[in-house]
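Heavy-atom basis, side chains included; hydrogens, waters and symmetry copies ignored.
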Amino acid sequence: MEQSLFDIILLGIIEGLTEFLPVSSTGHLILASELLGFKGEAELAFKIAIQLGAILAVLVAYRARFAGVIGGLVRREAGAVAFTRNVLLGFMPALAVGALAYETIRRLIESPVTVAVALIVGGVAILVIERQLHRVRFDSVEGMPGGTAFAVGVGQCVAMIPGVSRSGATIMFGLLAGLDRKTAAEYSFFLAVPTMAAATVYALWKERDALALGDLTAIGIGFVVAFLVALVVVRGFVALVGRFGFAPFAWYRIVVGSVALVWLLAL
């Protein structure tokens, strides 16, 4: 991997900023890599590995919540059991589809045009869903029935198309399923932990031959940058959504996707 420190830090910032926003971190990394010339097997492994920094940010930001759930499981509390059940049920569809369709997903990751189109289509979808009247039925992750959690997990699989956004898909499906905005956003964060951890470990194992010992320094820097930036984003996102909703992110997606599409088609 022969990239400058600037490129490595920039991609870490992009990962941290976009992983938990409904704008597609993978899509942004693909477009940024196209612009920077950050391509190749080792570079792909780098972009996969730094996602672990974003996962750590969720664990740190919600450490009290996770500690409470672990303690509750030991005491067999109903709320902790329901929380764990719903996270696992939401994770299962992505686990199955990701394992079966890894090579197809990998090929899509190499297509910037797919990302640009998905950003635009996803932005329009968010606007449509955001403007619909949603009857709130559940205001906590623990309060969801298992079927609802699984349905949101199925929606998460749509995000395997680069540019769709994992957080965007889970949040929108959560709203349609009757979650309030805060719960939909937090459930997206919690689902990210097993989903992204499994996807990252699996992808790194598949791409292990592309990594050299010297690449670990770049990965470490990108990991730390992604963690620090994501920690700020996770803590502020729920409050931001509560005040402004998701429409600003939708318009951002449409603008970025349109500009990227024009640029890519002009190359």
Side-chain angles (χ1 to χ4, degrees), residues 14-30 44-45 47-63 65-66 69-70 82-106 108-109 115 118 122 141-142 144 146-177 179 183-207 223 226-227 230-231 233-234 237-238:
I14 291 172
E15 166 62 25
L17 275 176
T18 58
E19 183 59 56
F20 299 109
L21 302 181
V23 297
S24 179
S25 63
T26 301
H28 278 70
L29 287 174
I30 291 170
L44 175 61
K47 287 178 281 189
I48 293 169
I50 63 174
Q51 292 179 344
L52 291 172
I55 297 172
L56 181 60
V58 173
L59 294 175
V60 171
Y62 285 92
R63 57 190 180 279
R65 182 76 175 271
F66 285 115
V69 168
I70 293 171
F83 178 95
T84 305
R85 177 202 66 199
N86 287 342
V87 170
L88 291 177
L89 283 172
F91 165 58
M92 285 171 55
L95 177 64
V97 174
L100 293 173
Y102 175 79
E103 292 302 329
T104 300
I105 295 167
R106 190 183 184 284
L108 287 173
I109 287 175
V115 171
V141 174
E142 296 88 338
M144 280 190 294
T148 299
F150 186 81
V152 176
V154 171
Q156 182 176 229
C157 294
V158 178
M160 292 182 183
I161 301 172
V164 169
S165 170
R166 188 207 59 80
S167 62
T170 53
I171 290 170
M172 292 303 113
F173 270 77
L175 293 178
L176 291 173
L179 305 184
T183 302
E186 290 189 337
Y187 187 46
S188 174
F189 297 160
F190 301 145
L191 270 186
V193 176
T195 301
M196 291 168 56
T200 303
V201 171
Y202 183 73
L204 285 176
W205 172 254
K206 297 284 285 187
E207 307 296 335
F223 174 94
F227 164 71
L231 190 58
V233 171
V234 166
F237 177 56
V238 173

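- Side-chain contact between Met172 and Leu175 is present, with at least one heavy-atom pair separated by less than 4.5 Å.
- Taking OG1 from Thr26 and CD1 from Ile14, the interatomic distance works out to 12.0 Å, rounded to the nearest 0.5 Å.
- Using the six-membered ring where Trp is involved, Phe66 and Phe190 have ring planes that are perpendicular, over 60° apart on the 30 and 60° scheme.
- Rounded to the nearest 0.5 angstrom, Leu191 CG and Thr170 OG1 are separated by 6.5 Å.
- Rounding to the nearest 0.5 Å gives a distance of 8.0 Å between CD of Gln156 and OH of Tyr187.
- Ala169 and Gly155 get closest at one heavy-atom pair: CB-O, 3.5 Å.
- Nearest heavy atoms, Leu21 versus Val233: CD2-CG1, 3.8 Å.
- In this structure the side chain of Ser24 never reaches within 4.5 angstrom of the side chain of Val115, judged on heavy atoms.
- One finds the NE2 atom of His28 at 6.0 Å from the OG1 atom of Thr18 (value rounded to the nearest 0.5 Å).
- Looking at Ser167 and Ser165, their side chains do bring a donor and an acceptor atom within 3.5 Å of each other.
- Looking at every heavy atom in both residues, Phe150 comes nearest to Pro93 through CE1-CG, 3.6 Å.
- To the nearest 0.5 Å, atom CD of residue Glu15 and atom CZ of residue Phe223 are 11.0 Å apart.
- Considering every non-hydrogen atom in both Thr195 and Ala94, the closest pair reads CG2-CB, 4.1 Å.
- Arg85 meets the salt bridge (charged side-chain N to carboxylate O under 4.0 Å, His left out) test with no other residue; sequence neighbours excluded.
- Taking each heavy atom of Ala49 and Thr200 in turn, the nearest pair found is CA-CG2, 4.1 Å.
- Side-chain contact between Phe173 and Ser188: absent, with no pair of heavy atoms (C-beta onward) separated by less than 4.5 Å.
- A 4.5 Å side-chain heavy-atom check between Val234 and Tyr62 finds at least one atom pair inside the cut-off.
- Nearest approach of Ala185 to Val238, heavy atoms of both residues: CB-CG2, 4.3 Å.
- Judged by distance alone, with hydrogens and angles left aside, the side-chain atoms of Asn86 form a donor-acceptor pair with the main-chain N or O of Val141 at under 3.5 Å.
- To the nearest 0.5 angstrom, Leu29 atom CG is 7.0 Å from Lys47 atom NZ.
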